[in-house]
Amino acid sequence: MKKEKRAVVFIYVLFLVTISVIFATIILNNNSFLFNISDYFEVESKVLTNISNDSEISIKLHKDKNSNWSWFIDNIWCPTGTWVTMSWTINTDQIGTTLVSSWSIYCLWDYFWDELKIYFNTWFTDFSTAEYNWYLVTLSWWLWLSNFSDTDSTLIDFSWFNYNIWDWYDDNFNSDNYRVTSTWNTSTWVYYPNNWQDDDVVARKMFYWFISPSFWYKKVFWNTSKTNKIIDDNTNNNDSLNIKIWDTTSAYLYIDIDKSFDIKLVKFDRNSYNNFNELIIKEKLDWTSIANIWYLQNNWWVLSLSWNITWNEYDFDFTNNDYALFVKSTWTGTLIYNIRGESSTWTWIYINPIDDSNSNFFRYMWNEIIIDNNWKYISKETELFFTK
């Protein structure tokens, strides 16, 4: 009987231990589950916050650049044909001028091996000065006849010139039409002289913002098939002066960072991300730098930056690969960055995924990658809409 009682007690104790272990396991698993859920929501909140903040600054810049003048105004043109009379001791000649954009905007003509330049006033409603042979004269609506102070007292006269004629160029070369071109008519492309580019497209060709010291490797650039598509969908990107990001197999990144930093470049397998939403690393490079600007270099698989093209640049194949660039501030204060893309044939690249072709709203494909403490890459992409 005693042996039987001992056996029953032993079995009962074993049962209680088993139950205790089961309950302990359940509690531990639940705690682990709750911990993982908490981590997930924390990361998700951080990702969405970054996306919201970074996208808003891009859209704000874009709106500012397309509302910083008076839209399309065409009230004045350069004297052409035989509108201008230039005279000096042994010669009098009637000439025309051509609109030129080179750091500034002016009308240009060569008169006996010296350049004649006629400049507009601040608001591009009239002419203000003329320059010839290094001498300047002041012009105004009531005085189109004036002598330069050169040895021949060269006379410029276009007093009978009718300058209030359309030339199809926005008078201040800033038409606020979301294009590099001049005209308000979206069905045509009227390019400014000398490949001048309106600042309306600046935001689509760059990323800029700030990085606080608290950031752990902030993502500052990431191209994917989704961002490529938004850029391609934007018909305002169909100009001949710039190219779309996925149209180049050989490109450079131009970087301007004002304080010391660490930089990390990662090339991801595009097929893995598109098919399985997995970030599979194909290549990774790092660099620690003081404040520096310009072209990202590849020196024996170590990153650096160079002020000039050295033909040792990191060569980006945007047609076939996805790349992400991460920056960490190593300075005590806030770090400002600016990133642009340039093809190996010296053409600027549309890299910011903004579609402004709709008359009422912007489409914006923003994405984010967070590197956690275990060096795991956590990503998200989302399409956003903003009113114009």
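In this structure a side-chain-to-backbone donor-acceptor pair under 3.5 Å is missing from Ser182 to Tyr191. For the pair Asp157 (side chain) and Thr85 (backbone), a donor-acceptor distance under 3.5 Å is absent.
Applying the salt bridge (Lys or Arg N to Asp or Glu O under 4.0 Å) rule to pairs touching residues 323-332 yields Asp262-Lys328, sequence neighbours excluded. Note on residues 273-283: pairs passing salt bridge (Lys or Arg N to Asp or Glu O under 4.0 Å), not counting sequence neighbours, are Lys267-Glu283. Note on residues 298-308: no pairs pass salt bridge (Lys or Arg N to Asp or Glu O under 4.0 Å), not counting sequence neighbours. Residues in residues 332-348 take part in no salt bridge (Lys or Arg N to Asp or Glu O under 4.0 Å) pair, two or more places apart or across chains.
Taken from CG in Leu303 to CG in Asn298, the straight-line distance is 6.5 Å, to the nearest 0.5 Å. Atom CD of Gln297 and atom CD1 of Ile255 lie 10.0 Å apart (nearest 0.5 Å). Remark: Lys226 NZ to Asn274 CG distance equals 8.5 Å, nearest 0.5 Å. The OG1 atom of Thr310 lies 10.5 Å from the OH atom of Tyr295; values are rounded to the nearest 0.5 Å. Note that the CG atom of Asp269 and the CG atom of Asn320 stand 11.0 Å from one another [nearest 0.5 Å]. Taken from OH in Tyr119 to CG in Leu139, the straight-line distance is 11.5 Å, to the nearest 0.5 Å.
Counted by atom type alone, Asp315 and Ser250 present one or more donor-acceptor pairs between their side chains at under 3.5 Å. Using modelled atom types, one finds no donor on one side chain facing an acceptor on the other under 3.5 Å when comparing Tyr106 with Glu115. Asn299 and Ser304 are linked by a side-chain donor-acceptor pair at a separation below 3.5 angstrom, with hydrogens and angles left out of the test. Between the side chains of Ser357 and Asp355, a donor-acceptor pair is found at a separation under 3.5 Å.
Residues Ser58 and Phe386 are not in side-chain contact: their nearest non-hydrogen atoms beyond the backbone lie 4.5 Å or more apart. Between Phe362 and His62 the shortest side-chain heavy-atom distance falls below 4.5 Å. Side-chain atoms of Val327 and Phe261, non-hydrogen and from C-beta on, do get closer than 4.5 Å to each other. For the pair Cys78/Phe120, a side-chain contact is recorded, criterion being any heavy-atom separation below 4.5 Å from C-beta on. With contacts defined as side-chain heavy-atom distances shorter than 4.5 Å, the pair Leu296/Ile263 qualifies. Side-chain contact between Thr125 and Ile76 is absent, with no heavy-atom pair separated by less than 4.5 Å. Counting heavy atoms from C-beta on, the side chains of Asn360 and Thr387 never come closer than 4.5 Å. Side-chain atoms of Lys284 and Ile281, non-hydrogen and from C-beta on, do get closer than 4.5 Å to each other.
Residue Asp322 comes nearest to Ser225 through the heavy atom pair OD1-N, 4.3 Å, listed as atom of the first residue, atom of the second, then distance.
Lys65 meets the salt bridge (Lys or Arg N to Asp or Glu O under 4.0 Å) test with no other residue; sequence neighbours excluded. Under the ring pair (Phe, Tyr, Trp, His ring centres under 6.0 Å) criterion, Tyr169 pairs with no residue, sequence neighbours left out. Applying the salt bridge (Lys or Arg N to Asp or Glu O under 4.0 Å) test to Asp150 and every residue at least two apart in sequence or in another chain returns nothing. Take Trp331 and apply the ring pair (Phe, Tyr, Trp, His ring centres under 6.0 Å) test, not counting sequence neighbours, and it matches no residue. Shown here are the salt bridge (Lys or Arg N to Asp or Glu O under 4.0 Å) partners of Lys63, two or more places apart in sequence or in another chain: there are none. In this view, Phe148 and Tyr132 satisfy the ring pair (Phe, Tyr, Trp, His ring centres under 6.0 Å) rule, not counting sequence neighbours. Under the rule for a salt bridge (Lys or Arg N to Asp or Glu O under 4.0 Å), the partners of Lys264 that lie at least two apart in sequence or sit in another chain are Asp286.
Trp222 and Phe207 have their aromatic ring centers separated by at least 6.0 angstrom. Aromatic pair Phe316/Tyr323: centroids less than 6.0 angstrom apart. Here the two rings, on Tyr377 and Phe268, have centers that are under 6.0 Å apart.
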Evaluate Trp216 against Trp375 for ring-ring contact (aromatic ring centres under 6.0 Å, His included), listing each step before the verdict. CA-CA 11 Å; Trp216 164 251; Trp375 293 100; 5.2 Å; yes
Apply side-chain hydrogen bond (donor to acceptor under 3.5 Å, both in side chains) to residues Ser260 and Thr330 and explain how you reach the verdict. CA-CA 6 Å; Ser260 59; Thr330 55; 3.1 Å; yes
For Thr224 and Asn367: C-alpha separation, side-chain torsions, deciding distance, then whether side-chain contact (heavy atoms from CB on, under 4.5 Å) applies. CA-CA 9 Å; Thr224 68; Asn367 51 32; 4.0 Å; yes
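By the neighbour-count criterion of 12 heavy atoms within 6.0 Å, atom NZ of Lys388 is densely surrounded, having more than that number from other residues, nucleotides or ligands.
Criterion: ILVMFWY side-chain heavy atoms under 4.5 Å apart, direct or through other members. Under it, Phe112 and Ile118 are part of a common hydrophobic cluster. Each of Leu99 and Ile73 belongs to its own hydrophobic cluster when Ile, Leu, Val, Met, Phe, Trp and Tyr are linked at side-chain heavy-atom distances under 4.5 angstrom. Put simply, Ile257 and Leu61 are part of the same group of oily side chains (I, L, V, M, F, W, Y) that touch within less than 4.5 Å, one to the next. A single hydrophobic cluster is not seen to contain both Met206 and Met365; linkage of ILVMFWY side chains at heavy-atom distances under 4.5 Å, directly or through other members, places them apart. Under the 4.5 Å side-chain contact rule for hydrophobic residues, Ile339 and Leu335 share a cluster.
Under the 6.0 Å distance and 45° angle rule, Lys244 does not count as a cation-pi partner of Tyr350. Annotation: cation-pi pair Lys219/Trp366 present, NZ/CZ under 6.0 Å from the ring centroid and within 45° of its normal.
With Tyr254 as the fixed residue, the ring pair (Phe, Tyr, Trp, His ring centres under 6.0 Å) test singles out one of Tyr208, Trp294, Trp307, Tyr314: Trp294.
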Give every donor-acceptor pair under 3.5 Å between a side-chain atom in residues 195-205 and any protein atom, sequence neighbours left out.
{"unit_1": "Gln197", "atom_1": "OE1", "unit_2": "Lys205", "atom_2": "NZ", "d": "2.8"}
{"unit_1": "Gln197", "atom_1": "OE1", "unit_2": "Asn242", "atom_2": "ND2", "d": "2.9"}
{"unit_1": "Gln197", "atom_1": "NE2", "unit_2": "Asn242", "atom_2": "OD1", "d": "3.3"}
{"unit_1": "Asp198", "atom_1": "OD1", "unit_2": "Asp200", "atom_2": "N", "d": "3.1"}
{"unit_1": "Asp198", "atom_1": "OD2", "unit_2": "Ser175", "atom_2": "N", "d": "2.8"}
{"unit_1": "Asp198", "atom_1": "OD2", "unit_2": "Ser175", "atom_2": "OG", "d": "3.3"}
{"unit_1": "Asp199", "atom_1": "OD2", "unit_2": "Asn68", "atom_2": "ND2", "d": "2.8"}
{"unit_1": "Asp200", "atom_1": "OD2", "unit_2": "Asp176", "atom_2": "N", "d": "2.9"}
{"unit_1": "Asp200", "atom_1": "OD2", "unit_2": "Asn177", "atom_2": "N", "d": "2.9"}
{"unit_1": "Arg204", "atom_1": "NE", "unit_2": "Asn237", "atom_2": "OD1", "d": "2.7"}
{"unit_1": "Arg204", "atom_1": "NH1", "unit_2": "Tyr178", "atom_2": "O", "d": "3.0"}
{"unit_1": "Arg204", "atom_1": "NH1", "unit_2": "Asp356", "atom_2": "OD2", "d": "2.7"}
{"unit_1": "Arg204", "atom_1": "NH2", "unit_2": "Tyr178", "atom_2": "O", "d": "3.3"}
{"unit_1": "Arg204", "atom_1": "NH2", "unit_2": "Asn236", "atom_2": "O", "d": "3.1"}
{"unit_1": "Arg204", "atom_1": "NH2", "unit_2": "Asn237", "atom_2": "OD1", "d": "3.1"}
{"unit_1": "Lys205", "atom_1": "NZ", "unit_2": "Asn242", "atom_2": "OD1", "d": "3.3"}

